[in-house]
Amino acid sequence: VITSVRARQILDGRGEPAVEVSLHTNKAVHRASAAAADAPEGAAADAVRDAEKRKLLARAVADAVRVINDKVSEALVGMDPQQQSQIDQAIMDLDKAHHKAEIGVNSMLAVSIAACKAGAAEKEVPLYKHIAELVGKSATTLPIPAITVINGGTHAGNSLPIQEIMILPVGAKNFEEAMQMGSETYHHLKDIILEKYGSNSCNIGDDGGFAPNISSITEGLDLVIEAINRAGYNGRIKLAIDVAATDFCMGNKYDMEFKFAEKSGQGFKTADDLIEIYSQLCSEYPLVSIEQPFDKDDWEHSKKFTTLELCQVVGDDLLMSDPERIKRAVNEYTCNALVLKANQVGTVTEAIEVVRQAKDAHWGVMVSHRSGDTDDSFIADLAVGAAAGQIKAGAPCRGECLSKYNQLLRIEEELGSDGVYAGENWRTTAST
Ligand code: PGA
């Protein structure tokens with residue numbers, strides 16, 4: 001049984017405060033942390049930051065820590081950690097406002113994950129198996145990694161408007177080979193960037209992708225294609241982009257030059273211009289997935305683009321991992337894949353529900369880290385346990401990214417011949 005829950009403030013991959021929890025049972029201590037990255041404006045759930053703004057540039061989470069130590073711990077003491085849904089309900093019941101603002105998703109999720117780890121230990125099964133049992137499935141599917149290799153947008157100081165270019169090693173025979181292909185391509189890309197732009201161009205952005213001072217999407221994609229060819233993986237690696245278009249939506253236009261020191265004035269695009277740009281990219285490159293191609297509230301153009309069926313269209317800010325927004329998007333076919341950010345949902349039980357919702361609609365599911373995540377590897381087990389098919393955890397470098405990818409290497413080793421790499425079936429892994 002749970003004997004106490006203790007929390008503390010730690011720092012995440014961006015050096016910002018995050019909540020870490022040690023959940024004690026009568027047998028062991030289980031530790032978990034949750035990224036405190038901010039939710040998009042208008043989200044149903046958000047992290048709680050301190051009312052006292054003087055410390056850590058107003059980002060401190062001492063209030064959230066206090067809530068766990070004072071309230072959450074008391075509510076959970078004596079509960080069986082295997083009872084995930086009861087635990088999650090008990091945490092939610094503490095939030096009198098019923099929109100998570102009182103407890104904060106940063107507190108909720110850290111406790112919920114720690115309880116999930118304790119539940120697995122109590123059952124004496126690996127975490128991914130325990131999650132699969134909560135989902136009601138067997139855990140055998142290793143996701144394809146969506147590996148960030150170039151950063152732009154608000155995640156890097158270059159002029160590239162889009163946030164990420166990712167590589168998907170769908171042609172690998174297993175997860176281990178996928179990471180080998182990803183790592184080799186990443187290092188070839190570094191050499192190419194050094195050759196083309198010089199030694200001060202291979203700095204990295206918030207997800208570990210390189211951030212050369214390029215300004216166009218095609219320039220970035222061309223670099224990555226060259227790296228894939230140099231690594232010898234032509235045809236076996238596909239491309240994905242995260243546009244994060246909400247960040248450069250200005251009224252009814254998108255400013256592709258939003259980070260330019262001097263603007264040419266040619267950078268403003270309409271949503272229909274963007275549809276044309278994306279359509280062309282899909283025909284000229286092995287581009288198979290586009291995340292958040294329009295503003296978070298532009299349901300109309302997202303639908304218009306999705307119905308062209310040119311690629312996987314992933315809803316990030318559009319969905320906010322919020323069941324109500326997902327329901328609307330399923331009904332209106334506004335996108336055809338979910339990026340699941342557990343810290344936008346709040347608890348493990350709700351995260352599983354949201355995956356189920358997306359899978360029932362035959363959508364793709366990309367379990368995602370947050371930029372500047374902590375080193376907690378929970379989402380690796382979640383991706384396997386929920387048979388998501390896809391995981392996005394940044395570059396094949398930086399500790400907070402590798403904690404997830406390396407955990408998947410361990411899971412694959414443990415599953416042995418039972419482990420099936422999603423590979424070419426990455427969008428259609430077994431429904432939960
Ligand atoms: P975020 O980025 O954590 O800054 O939202 C990750 C993503 O967009 O997938």
Side-chain angles (χ1 to χ4, degrees), residues 11-19 33-47 49 59 105-106 109 143-157 160-168 204-209 211 239-249 258-259 289-296 302 312-322 325 335 337-346 351 354-355 358 364-376 378-380 382-383 388 390-395 398 400-401 403-405:
L11 295 179
D12 69 15
R14 276 202 186 107
E16 292 207 352
V19 175
S33 57
D38 296 325
E41 207 187 311
D46 204 352
R49 305 269 181 195
R59 308 286 287 166
V105 280
N106 42 348
L109 185 64
I144 59 149
I147 301 171
T148 307
V149 291
I150 288 189
N151 264 142
T154 58
H155 288 193
L160 183 67
I162 67 167
Q163 191 170 284
E164 287 168 83
I165 299 178
M166 290 162 276
I167 52 173
L168 315 186
I204 57 174
D206 288 354
D207 305 286
L239 302 179
I241 56 175
D242 177 3
V243 180
T246 310
D247 290 335
F248 55 93
C249 178
F258 82 108
K259 296 195 296 173
S289 180
I290 303 184
E291 181 181 337
Q292 203 52 47
F294 307 95
D295 177 60
K296 66 182 171 54
S302 197
Q312 173 176 264
V313 181
V314 187
D316 179 10
D317 310 353
L318 176 85
L319 304 173
M320 304 178 188
S321 304
D322 175 346
R325 292 179 77 100
C335 59
L338 162 77
V339 69
L340 174 76
K341 295 177 173 172
N343 79 333
Q344 289 182 349
V345 193
V354 162
V355 171
V365 176
M366 187 180 266
V367 170
S368 176
H369 74 156
R370 298 306 307 268
S371 55
D373 211 308
T374 69
D375 62 355
D376 195 298
F378 177 77
I379 63 162
L382 178 64
Q390 307 170 53
I391 189 167
K392 171 182 182 181
R398 297 183 68 137
E400 72 273 23
C401 303
S403 68
K404 286 80 173 171
Y405 295 136

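Numbering of ligands and ligand atoms starts at 1, following listing order.
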Please tell me whether Gln292 and Gln163 have a donor and an acceptor in their side chains that are separated by less than 3.5 angstrom. no
Can you list the residues that meet the ring pair (Phe, Tyr, Trp, His ring centres under 6.0 Å) rule with Phe378, with sequence neighbours excluded? none
Could you go through the salt bridge (charged side-chain N to carboxylate O under 4.0 Å, His left out) check for Asp373 and Lys404 one step at a time? CA-CA 10 Å; Asp373 211 308; Lys404 286 80 173 171; 3.6 Å; yes
Applying salt bridge (charged side-chain N to carboxylate O under 4.0 Å, His left out), can you list everything that pairs with Arg49, at least two apart in sequence or on another chain? Asp38
Output the set of protein residues with a heavy-atom contact under 4.0 Å to ligand 1, ordered first by chain identifier and then by residue number. His155, Gln163, Asp242, Glu291, Asp316, Lys341, Ser368, Arg370, Ser371, Lys392
Decide, yes or no, whether a salt bridge links Lys392 with Asp242 under the criterion of side-chain N to carboxylate O below 4.0 Å. yes
Partners meeting salt bridge (charged side-chain N to carboxylate O under 4.0 Å, His left out) with Asp207 (sequence neighbours left out): none
